[in-house]
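Input: a single structure, listed below in structure tokens.
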Amino acid sequence: MSQSTHKKEYEIAIIGQPNVGKSTLFNILTGRKARVANWPGVTVEVHEGETDFDGSRIKLIDLPGIYGFSTISLEERIARNYILSGRPDAVIVLVDSLNPERTMYLAIQTLEMTEKVVIGFTKSDAAHAHGVHINYDLISKRLGVPVVPVSAATLRGIRSLLRTTIDVARGRAGRKKPLRIDYGELEPYVSSVESLLKQYEERMEYPIRWMALRLLEGDNDLYKYVRGVCGDDIAEEIVKIREEIKRIFRRDPAELLAKKRFEYLQRVLGDAIVRLEIKKGGFERFTRLFYRPFIGPVLSLIILLGMFMIAFTINTGFPLNILLDSLGMHDAASAVEEYSIGGLMEKLFSWISSWITNSFGESWLTDLVANGIISGVGSVLIFLPLIMIVSLFLAILEDSGIAPRMAVSLHGPLSKIGVSGHAIFPMTMSLGCNVPAILATRAIPSRSERLRLLMTLPFIPCQARLVVILAFASSLVSGYGALLVVLGYSAAFLAFAVVNKILYIYEKKKTGKKEPEIILELPPIHRPLGKVLWWHVWDNSKHFLKKAGTIIFSLSILIWFLVNVSPSLAITDNPSDSIAAVFSHYLSPIVYPIGIEPGKAWIIAFALLIGFIAKEAVIETLTILTSTASPQQALMLLGLTASQLSALTVFVVLYVPCIATIAVIYSESRSVRHTLATIALMLGVAYVAMLITYGLSLII
Amino acid sequence: MGAYSRTVVLEELPSGSRARIVEIMGRGGWIYRLYQMGLTPGVIVDVVMNIGRGPIIIRVMGVEIAIGRGIARRIIVEPINT
Ligand SMILES: Nc1nc2c(ncn2[C@@H]2O[C@H](COP(=O)(O)OP(=O)(O)O)[C@@H](O)[C@H]2O)c(=O)[nH]1
């Protein structure tokens, strides 16, 4: 109490190149506020978190992973504008201890913008094992910047990093001025631009030297800004200087400056880093197989397929039950099914439902709770384990470094439909949820490819749609159930491929674009960190539980009312007198072509309508509408033929996934037209595919 | 300007070879990405894998990077004998 404490709030930015371990460290520092993604460059949204240290409150801003500040991508712009805004009291630049020569480049560039920098060397626990020995003091002395080795794995250096950062924020450590690199023979040109800008120093918001360098590098954003402040004449002078460099050196100034920076870096790091040759692990060598033609893509597909097989089996018994069944082991097959996690949870929910009805007597209220809420939410909750397992597998692929290798292996096949290997990240994510997948497209270098993906990624079935497919499948004899799942996914990927190809051909005709390109870093293969895996699983489960607790819960109540209340607002036992029935009557004709009789058609139509909001709600609606305890019973009651179920499955897989996806497509494309076109495309493709499926299944 | 007779494009280098970057031709955002990843003239690249089709895997400054063939065609290099 006697001591005066610095009770101040600091705003600290964290940046780093992709894969340096930024997300992991950010999570450690803030006690888990952000999601970790190892897809290079995908941590796009800016996350914030807070931590207390020594009586100070530190607000941490997690900027996107970027390679530099050239403003070629949205992320680079976000990061640069924030650092230049003057808001951060200090910037922590993270450098990968396993690969400092390259990842320090961002630190150098940051130091040219601001002096308030701390450099953190991540993964310090792993450096020695990789044969990297770093003299941190020497680097710190040469740059005049504090350098702190840290490890998110062992937590070493975390406190020291925070303490040093606060020192820098208070001006007690670190540089007093931004870094000045000697650009050698280019210096005269840099100084010329500097002196042009100097006249306007008062009105400039950014450091003059940094601006001069960026202008020579051809930074368009900054050029416009300077023209606004200094007028056309000065702007023209600057262009002339740039042209002169090009004429004399016969090189792009951006290339010359980048080269100089790397040379400077080499002088700083040269004898401060010692690398001992460590021979590659056997597994690392094995992963080279991903780069081989044929073997690579096949290996990737086997991994993805195997992953889903295992997840399905644990959750629903499928497809192991079918395998056992076909081997004549019928008892074992039904045991696998009955004691799968899904089977057990389903039992639990129907037990709770009947317990409520039995103990509180039959009334509209117990009906609402038992048949509305519990079976509605329950029919979705039984898929939680599935979501956890799939998330775990995807996290392993991401965190181990296998995912980018899969991207390389599939680049060849994917480029046939006009999509690059980069698309594999959003595509795989789509199998979990389309919303983050669409955000992840920001890391794709080609804009036209990105717009195409915004339209077509939603075809790839997320876990919500998987929930519906599995529910449909469970109502069929097991062999056919398996076929239904295969059908659903095949239809989805076929639609994805065909639509992409058509859009690509159209674009090629119009603009004469060449084949898709890839530039992708391949981080070293390593064993994933346990806590990172757990974060992934927990984040996805939390997201799912939240959705079940809010959207699905409210929808359950809403649907129950729409189904149990008549248009004259009286409670009715007969669903076909209900508001839902009367209303959906108008929609029923859409399913007539697949031979569903009018008496049942409204139920299906209504379920599909609710499915616009969230796909899980389709089975929830069916369960409530038929007042049954499980989706299986609901479908049994509806008595759909296998052909009809197949057609419906295809429709459900392909039509608009959910409101959230539409919202994010809009926010990413910023175009109402693009969004509406996507909706129309999905509905059109889904409907046509449904009719084709029905037609084909009748022939077979 | 005399040494250009020995130059080839990165795409033509076989697996296991080593070369020095002479020039990167072309325009567009991807060229800045290459600079940022350390691919500038004078820098030494190792070809980890090039099997005649699909992306080429190279190592620059200790990091492996996959590069599409279209881009590899625009990177002029001078092979170094090892
Ligand atoms: N050994 C070790 N590995 C780490 C550490 N921090 C992160 N990693 C690994 O480095 C990889 C990249 O981490 P991530 O936080 O996703 O990087 P980001 O792209 O910079 O956000 C992941 O595979 C992590 O498991 C660490 O402190 N020690």
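Lettering follows sequence order; numbering is per chain, from 1. Side chains are part of it too, since the values below use all heavy atoms of this structure and drop only hydrogens, waters and symmetry mates.
- Of the atoms belonging to R292(A), heavy atoms from both backbone and side chain fall under 4.5 Å from chain B.
- Only the side chain of F262(A) comes within less than 4.5 Å of a heavy atom in chain B; its backbone stays farther off.
- Chosen from E255(A), E101(A), H411(A), the residue pairing most often with chain B at heavy-atom distances under 4.5 Å is E255(A).
- The structure places CE of M61(B) at 10.0 Å from CG of L269(A), a figure rounded to the nearest 0.5 Å.
- Among all heavy-atom pairs drawn from G70(B) and E517(A), the shortest one is CA-OE2, 2.7 Å.
- Partners of D46(B) under the side chain to side chain donor-acceptor pair (under 3.5 Å) rule, at least two apart in sequence or in another chain, are R18(B).
- More than 12 heavy-atom neighbours from other residues, nucleotides or ligands sit within 6.0 angstrom of CZ on R275(A).
- Ion pairing between E64(B) and R288(A) holds under the 4.0 Å rule for side-chain N and carboxylate O.
- Contact of V43(B) with chain A is not made at all, since no heavy-atom distance falls under 4.5 Å.
- Between chain B and the options E76(A), E263(A), Q17(A), the largest number of non-hydrogen pairs under 4.5 Å is found for E76(A).
- Contact between A254(A) and Y32(B) at its shortest, heavy atoms only, is CB-CE2, 3.5 Å.
- For chain A, the nearby part of M49(B) is the side chain; its heavy atoms alone come within less than 4.5 Å.
- Taking chain A as the reference chain and counting heavy-atom pairs below 4.5 Å, the highest number among P55(B), A66(B), G68(B) is found for A66(B).
- Among P413(A), P293(A), G296(A), the residue with the largest count of heavy-atom pairs under 4.5 Å with chain B is P293(A).
- Using a 4.5 Å cut-off on side-chain heavy atoms (C-beta onward), F290(A) and I57(B) make no contact.
- With a threshold of 4.5 angstrom between heavy atoms, I51(B) approaches chain A through side-chain atoms but not through N, CA, C or O.
- The structure places OH of Y67(A) at 6.5 Å from CZ of R33(B), a figure rounded to the nearest 0.5 Å.
- Residue contact with chain B, scored on non-hydrogen atoms closer than 4.5 Å, is absent for D96(A).
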Begin with the C-alpha distance, continue with both residues' side-chain angles, and end with the deciding distance and a verdict on side-chain contact (heavy atoms from CB on, under 4.5 Å) for E521(A) and V63(B).
CA-CA 7 Å; E521(A) 182 178 337; V63(B) 188; 3.6 Å; yes
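- Interatomic distance, CD1 of I518(A) versus CD1 of I65(B), reported as 12.0 Å (0.5 Å rounding).
- Between R102(A) and G38(B) the shortest heavy-atom distance is CD-N, 4.3 Å.
- Taken to the nearest 0.5 Å, the OG1 atom of T40(B) stands 12.0 Å off from the CG atom of D252(A).
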